[in-house]
S.K.: 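Have a look at this one.
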Amino acid sequence: MEFLAEEEPSISEKLDENGFPFLPLSDEDEEVEANLSISSSSESFASDFYRSGTDWSRLTEKSGKNFVQKDLFQMWGLKTDWSRLKEKSGNDLVQKDLFQMWGLKKPEELTTRASSKKRPNDGSQAESKVTKKGNVFGHNRQRVCPFYKKIPGTPFTVDAFSYGPVEGCKAYFLSHFHLDHYGGLSKGWSHGPIYCTHITARLVRMCLSVNPLFIHPLEIDTEYVIEGIKVTMLEANHCPGAALIHLLLGDGRCYLHTGDFRACKLMHSYPLLLNHHVNVLYLDTTYCNPKYTFPSKEDVLDFVVRITRNHLAMQPRTLIIVGAYSIGKEQVYLAISEALGVQIHANASRRRILVSFGWSELSGRLSSQGHLTPLHVVPISSLRFESLDQYLETYKDQFSAVLAFRPTGWTYSESVGSRLDLIKPRSKGKVTIYGVPYSEHSSFLELREFVKFLRPDKIIPTVNIGNAANRDEMHSFFREWLKTKDSELNSHSSNG
DNA sequence: GCGATCAGCT
DNA sequence: CACAGCTGATCGC
């Protein structure tokens, strides 16, 4: 299977100065582009995506400093023996040349696939289509991999598993194990090697039955050379196993893909982030708007523990329930568990997942006996009054009231903001539900601090890019953050 | 019958 | 709003 094995030079001919493929779009000044964004609704969604990636703010140089790195896991509040669980793996990863070179065809041409899926209802339209969710489809409803999931200058994609084989991709990175990122991965995956952290790798194997031969676990804070690119996974402060992906290209370019992350001060001491100027930052912009302000995780955990203690003081027979998705938010029930000295009940499938983290503080606190502990974890979807009433009924011999917490980042309220004391629960009968702003994404201010620390040349947002107004707004924030004067440059630098 | 995927919903 | 799914319907095998 010999393709037109293009050499690097011919590839770079098709890239612009930033390593992005050219598209038939005039790259004009902002005013023209702003008008385009509004008026050109007939353009393909892919080119719209593309334009959003070409007009980022630009900045000058950054000042590099050498800091001492602190314990990476302190942000989890842990002093745990993760090293014990590390699966053996060398840095000498063998790569096979499974796929052709990095494809740079136009989006419409990327959609063709060997096996054509036929749907009875779409015969006429041969153009790309856009769904409400922002997915771009080609001829035969094969999703098109959006540009921001491809890393130019590399044969890499990030979180791009639902597009079939991505042309030219030789390594598929998975930033973390949440459905909207691993979507498309399943037992039959055969499109190429998957790179991710050990925890994520374990979950991919356990939950998705992906052929282990495709899974390549990487140690955090360890440099690997993959396809000639230096790759390092960094703790992302999101869910267990989530990583920032740091890339050093042969030509000196440096990219950082945040996956999903919650920026924090500790990241300012990551040596890689201190020692390498980032050219392009792929940024999790979930809460990139000033209206999203929420407290630190620590403050929210203190709040949750305080509320719990108050309720137990008034009603000792209270069942404490924490809602959670598949993974993430573990600290919420762990904090309660430690404060009260009680076990955590979770169903078998959740226990299996939690145990797989290899987090002994958590594993040791799990219980399969719901009636023996007043602290339960349930799917967040069951945090409704009717469901909780039923749930309480099954434990009526032990408990007579329910206090539930729904931890989510978007329990924001303009008035509440970071004022936890303003949060009011919703109660009905014996059930009380608190929405608490425990977020595993960066707040607006945390994003700003991170970007001002990193001072990348360019920023590519990876979330909320479905409409032009959002993108324009984010890019104007980026420009603002990156245009700070030299006087501010050294304000946070010190000799550590 | 089963796994994968999609629209719609929260 | 939009997190990170969930549910039910449909498709392909």
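A note on names: the letters A, B, ... follow the listed sequences, proteins ahead of strands, and every chain is numbered from 1.
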S.K.: Rounded to the nearest angstrom, tell me the gap between atom CG in A:Leu203 and atom C1' in C:dA4.
M.R.: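 Checked: the CG to C1' distance equals 15 Å.
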
S.K.: Rounded to the Å, how far apart are A:Leu179 CG and C:dC6 P?
M.R.: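 In whole Å, C:dC6 P and A:Leu179 CG are 8 Å from each other.
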
S.K.: Between B:dA4, C:dC6, C:dC3, spot the one nearest the side chain of A:Tyr325, thanks.
M.R.: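 From the listed options, C:dC3 comes nearest.
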
S.K.: How close or far is atom C1' of C:dC1 from atom OH of A:Tyr287, stated in whole angstroms?
M.R.: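 That distance rounds to 10 Å.
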
S.K.: Contact class for A:Asp260 (heavy atom, under 4.0 Å): base, sugar-phosphate, or nothing?
M.R.: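 Here A:Asp260 touches the backbone only, sparing every base.
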
S.K.: Identify which nucleotide among C:dA4, C:dA2, C:dC6 has an atom closest to any side-chain atom of A:His238, counting heavy atoms from C-beta outward.
M.R.: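 Per side-chain heavy atoms of A:His238, the pick is C:dA4.
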
S.K.: How do A:Pro379 and A:Thr286 order along DNA chain C: which one's closest nucleotide is nearer the 5' end?
M.R.: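 Result: A:Thr286.
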
S.K.: Roughly how many Å is it from NZ in A:Lys291 to P in C:dA2, rounded to a whole number?
M.R.: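 To the nearest whole Å, that distance equals 7 Å.
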
S.K.: Starting from P on B:dA4, measure out to CG on A:Leu185 and report it in whole angstrom.
M.R.: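 A:Leu185 atom CG is separated from B:dA4 atom P by 11 Å.
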
S.K.: Can you tell which of C:dA2, C:dA4, B:dA4 lies closest to the side chain of A:Asn464?
M.R.: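 That would be C:dA2.
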
S.K.: If you count heavy atoms of other groups shown closer than 6.0 angstrom to CD of A:Gln398, is the number above 12?
M.R.: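 Result for CD/A:Gln398: enclosed.
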
S.K.: So that I know where these two stand, are A:Phe261 and A:His176 an aromatic pair - ring centroids less than 6.0 Å apart?
M.R.: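 No: the rings miss the under 6.0 Å criterion.
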
S.K.: Ignoring backbone atoms, test whether A:His178 places a side-chain nitrogen or oxygen under 4.0 Å from the OP1 or OP2 oxygen of C:dG5.
M.R.: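 Yes, within the criterion.
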
S.K.: Can you tell me the distance, in whole Å, between the OH atom of A:Tyr163 and the C1' atom of B:dT5?
M.R.: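 Taking OH of A:Tyr163 and C1' of B:dT5, I get 14 Å after rounding.
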
S.K.: In whole Å, what is the span from the OH atom of A:Tyr292 to the P atom of C:dC1?
M.R.: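 After rounding, the gap between these two atoms is 9 Å.
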
S.K.: Going by atom type alone, with no hydrogens or angles, which donor-acceptor pairs under 3.5 Å involve a side-chain atom of residues 422-437 of chain A and a protein atom two or more places apart or on another chain?
M.R.:
| unit_1 | atom_1 | unit_2 | atom_2 | d |
| --- | --- | --- | --- | --- |
| A:Ser427 | OG | A:Thr432 | OG1 | 3.2 |

S.K.: Can you classify the ring geometry of A:Phe161 versus A:Trp189 as parallel (below 30°), tilted (30 to 60°) or perpendicular (above 60°)?
M.R.: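 Perpendicular.
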
S.K.: Can you name the one residue among A:His257, A:His238, A:His441 that meets side-chain hydrogen bond (donor to acceptor under 3.5 Å, both in side chains) with A:Asp284?
M.R.: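 Only one option passes, and that is A:His441.
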
S.K.: Can you tell me how far P of C:dC3 sits from NE2 of A:His181, to the nearest Å?
M.R.: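 It works out to 9 Å between those atoms.
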
S.K.: OP1 or OP2 of C:dA4 sitting under 4.0 Å from any side-chain N/O of A:His441?
M.R.: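 For C:dA4, OP1/OP2 do have a side-chain N/O of A:His441 under 4.0 Å.
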
S.K.: Does A:Thr408 have a side-chain nitrogen or oxygen under 4.0 Å from the phosphate oxygens OP1 or OP2 of C:dA4?
M.R.: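 Indeed not, no polar side-chain atom of A:Thr408 lies that close.
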
